[in-house]
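To start, the structure under review is shown below, and the notes come after it.
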Amino acid sequence: MKTILRKISRLILAVFLICSFLPVRVSAGYDIPGTCQVQTDTGAICTVKTLDHDYDHNTYFSLRDIAMVLRDTDKCFSLDITKNAVSLNMGNNYTSVGVENVPWENAENPDISLRRNEFKVNGQNVFYYTLILRLPSGHYDCFIMAADLAMILDVDITVPGEDALEIHTQEPFCVSPAALEQAGYFYGVNGVLVGDATTGEIYYTYQSDEPFPIASTSKLMTCLLTMEAISAGQITPEMQIIVSEAAQALAVSNDGVIPLEAGGQITVRELLLGALLPSSNECALSLAETVAGSEETFVRMMNDKAQELGLSQAVFFNSHGLPSYTEDPVPAKRQNRMSAEDMFRLVTYLLRVYPQITDITSRQEATLESLDLEVRNSNPLLRNMPEVTGLKTGTTNRAGACLVTSLTAGDGLAEHDLVVIVLGTEDSIERGRVSGLLARYALRAYYTGMEKEETGMDDIRFPVHAEAAVDQILRTAGKH
């Protein structure tokens, strides 16, 4: 028996040693070089270098090559590309450096990383993910997705066939969510809703009635209850709050964002800035403790408010949206949940009753004077679209990457708040791209009066309409 056990032990050890010498990751990241024929509505056809990032057809296109394609069109642009920065200026003719519209000089995979390089359009910082590659000639080139380029240039891009692209310079950017859904674009997304929070009109939905984890977008409910406490006179924006030990413990954890220290002081206004811009979990906890005395009591208030607003799929376990563990011997891992429809109801109410929230969420950065700390807004669309006014990002492993976006639209007489809710994308890159596409669809649907996508939500009543219209007229008049 001992002999058999020794043999088994040696076998297990041998397997372990063999495995320890094998590559930990058998499929490293790669970028497959290729080419594509790009044609404009002027009839010009050129070869454009491409990179398929990590997966086939996850294609990024050479910005220098496309600049040459568009050089003599109304959508021409100049380029300055360095090792980690891109400057694009529309309306300027591109100056060739001699590497454009030719096949790859080297067929080997470049194996470069997808990064958020510094990107400026007409001198303004924007937020897009790109690949920057040093070519054998010594020049740098930038590779960008067709959808992102279409949004930047405001052009319509179509794919007539394999390895072909058409750029319609005389047609504005246009996207149909229904067509995207039919093509499977939203299969990697939990839930989507696009609508007008001022009127309650829904433009498009996808799995909008199913509850999913919502991560830090939970902080919208936390801020709503905080604003109610301010409105009721229980607290004031400039009230000094003493940081608790629980808030400090969260600040020094792996999920900490702002270095709050127990016994230190910070104002309610700064806590709102911290919770909404860089998505500080410790600031959200401090707000909960300030409003209710304890987070446990505050969570009960969150769930009570959810019932009051008719958020039938919503359940909250904490004030910030991180995973919440039970105290059982085998702890359960719980997360705040909500459907896209519930989130639309929440945002509709928040924007109607406390429109001043966008005074915070529309800021790209702010200073927390109590800490002498600069914070930045985590919402990528603020840098890409001037109409965007907020609202909140959120990410956990289970929830995926979420983004609730608000935009202003109007005809000069009245302003409307459009809302795009995207829950559970694969990562922040997809979160920004999906939200950007749908935000532009929302604006086009609002301004053109185009037929809205079928939603099947005619029986849903939102707390808006007449009262909301009056609020918006007063709000618009106040601004003017």
Has the side chain of [X] got a donor or acceptor atom that lies under 3.5 Å from a matching backbone atom of [Y]?
| X | Y | answer |
| --- | --- | --- |
| N336 | N318 | yes |
| E282 | I258 | yes |
| E295 | S319 | yes |
| D328 | V330 | no |
| T226 | T222 | yes |
| T50 | G34 | yes |

Looking only at side-chain N and O atoms, does [Y] offer a donor or acceptor that is under 3.5 Å from a partner on [X]?
| X | Y | value |
| --- | --- | --- |
| T389 | S406 | yes |
| K392 | S216 | no |
| E415 | T408 | no |
| S253 | D255 | no |
| D209 | S339 | no |
| T130 | R116 | no |
| T297 | R300 | yes |
| Q335 | S324 | no |
| S244 | E289 | yes |
| K83 | N117 | no |

Going by heavy atoms in the side chains, are [X] and [Y] under 4.5 Å from each other?
| X | Y | result |
| --- | --- | --- |
| Y203 | D196 | yes |
| L193 | V420 | no |
| E270 | T367 | no |
| T405 | V388 | yes |
| S231 | Y354 | yes |

Does E228 pair with K305 as a salt bridge, N-O distance under 4.0 Å?
yes
Atom CD of residue position E171 - does it have more than 12 heavy atoms of other residues, nucleotides or ligands inside 6.0 Å?
yes
Parallel under 30°, tilted from 30 to 60°, perpendicular over 60°: which one fits the rings of H416 and Y446?
tilted
Which residue is it: T425, T395, T393? I am looking for the one with a side chain to side chain donor-acceptor pair (under 3.5 Å) to R431.
T395
